[in-house]
Chemist: 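Structure provided below as structure tokens; questions to follow.
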Amino acid sequence: MSTSEIATVLAWHDALNSTDVDTVLALSSDDIEVGSADGAAQGLEHLQEWVRTPGVTLTPGAMFYRDGVVVVEESATSEAEPTVPTAEAASFRVVHDHVTSIFRHTDLESALSATGMSESDRVAES
């Protein structure tokens, strides 16, 4: 297991949650793909716009890793309802310490299914 990819994803979350656009962009590839069930977009310009959208905090939980892909179970809270977290997940492809893609999923099960991962890919918590 590579801890480099996991460290990159955790740093990416920290920067996203503090709206540190420069760090999110520095941790991302120029042609990053950002997607969800609603569609996908590519490039730093789209990512920058998404990061600057206020109101959502994504707290990482359980993590899974295989071959440069990190799946993160996330607790999402909004400024409108900060005490009502929503469970979701995201899958990240990391290459040379840069996030090349992030796909948001409605739940952990769908993220694991989409990436071909299972419980056996869970990263031990330290």
Chemist: Starting at CE of M117, measure out to OG of S91 and round the result to the nearest 0.5 Å.
Modeler: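 Rounded to the nearest 0.5 Å, the CE-OG separation comes to 7.5 Å.
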Chemist: Treating Ile, Leu, Val, Met, Phe, Trp and Tyr as nodes and any side-chain heavy-atom pair under 4.5 angstrom as an edge, say whether L112 and Y65 lie in one connected cluster.
Modeler: no
Chemist: Could you measure the distance from the NE2 atom of H13 to the OG atom of S18? Nearest 0.5 Å is fine.
Modeler: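 The OG atom of S18 is 12.5 Å from NE2 of H13, to the nearest 0.5 Å.
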Chemist: Please round to the nearest 0.5 Å and tell me the distance separating atom CD of E88 and atom CZ of R104.
Modeler: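 So the CD of E88 and the CZ of R104 are separated by 4.5 Å.
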Chemist: Checking S113 side chain against E109 main chain: does a donor-acceptor pair fall under 3.5 Å?
Modeler: no
Chemist: Does atom CG of D107 have more than 12 heavy-atom neighbours from other groups under 6.0 Å away?
Modeler: yes
Chemist: Write down the atom of V123, the atom of I6, and the distance for their closest heavy-atom approach.
Modeler: CG2-CD1, 3.7 Å
Chemist: So for atom CD, which belongs to Q48, do other residues, nucleotides or ligands contribute more than 12 heavy atoms lying within a distance under 6.0 Å?
Modeler: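 Yes, enclosed.
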Chemist: Could you state the interatomic distance from CG (L25) to CD (E45), rounded to the nearest 0.5 Å?
Modeler: 11.0 Å
Chemist: When you group the ILVMFWY residues by side-chain heavy-atom contacts below 4.5 Å and let the links chain together, are V34 and V21 in the same group?
Modeler: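 Yes.
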Chemist: Does the side chain of D31 come under 3.5 Å of the side chain of S29 through a donor N or O and an acceptor N or O?
Modeler: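 S29 and D31 do have a side-chain donor-acceptor pair below 3.5 Å.
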Chemist: Heavy atoms, side chains only, cut-off 4.5 Å: are R93 and V99 in contact?
Modeler: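 Side chain of R93 against side chain of V99, heavy atoms only: no contact under 4.5 Å found.
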Chemist: Under a 3.5 Å distance rule, please check whether D121 uses its side chain to pair with a backbone N or O of S118 as donor and acceptor.
Modeler: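 Flag set: sc D121 to bb S118 pair under 3.5 Å.
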Chemist: Can you find a heavy atom in the side chain of S28 that is under 4.5 Å from one in the side chain of L44?
Modeler: yes
Chemist: Is there a path from L27 to V94 through hydrophobic residues (I, L, V, M, F, W, Y) whose side chains come within less than 4.5 Å of each other?
Modeler: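 Looking at the clustering, V94 is in the same group as L27.
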Chemist: If you group Ile, Leu, Val, Met, Phe, Trp and Tyr by side-chain heavy-atom gaps below 4.5 Å, do V72 and V24 land in one group?
Modeler: yes
Chemist: Kindly compute the distance separating CE (M63) from CD (E5), expressed to the nearest 0.5 Å.
Modeler: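 Taking CE in M63 and CD in E5, the distance rounds to 10.5 Å.
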Chemist: Can the ring centres of H98 and F92 be said to be less than 6.0 Å apart?
Modeler: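 No.
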Chemist: Where is the tightest heavy-atom contact between V71 and A111, given as atom of each residue plus distance?
Modeler: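 Smallest interatomic distance, heavy atoms only, reads CG1-CB, 3.7 Å.
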Chemist: Is there a donor-acceptor pair under 3.5 Å between the side chain of T57 and the backbone N or O of N17?
Modeler: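 No, the answer is negative, given that no donor and acceptor are paired below the 3.5 Å cut-off.
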Chemist: Among the clusters formed by ILVMFWY side chains lying less than 4.5 Å apart, do F103 and L58 turn up in the same one?
Modeler: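 Each belongs to a different hydrophobic cluster.
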Chemist: Of all the heavy-atom pairs spanning E74 and A89, show the shortest one and how long it is.
Modeler: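 Heavy atoms of E74 and A89 come nearest at OE1-C, 4.0 Å.
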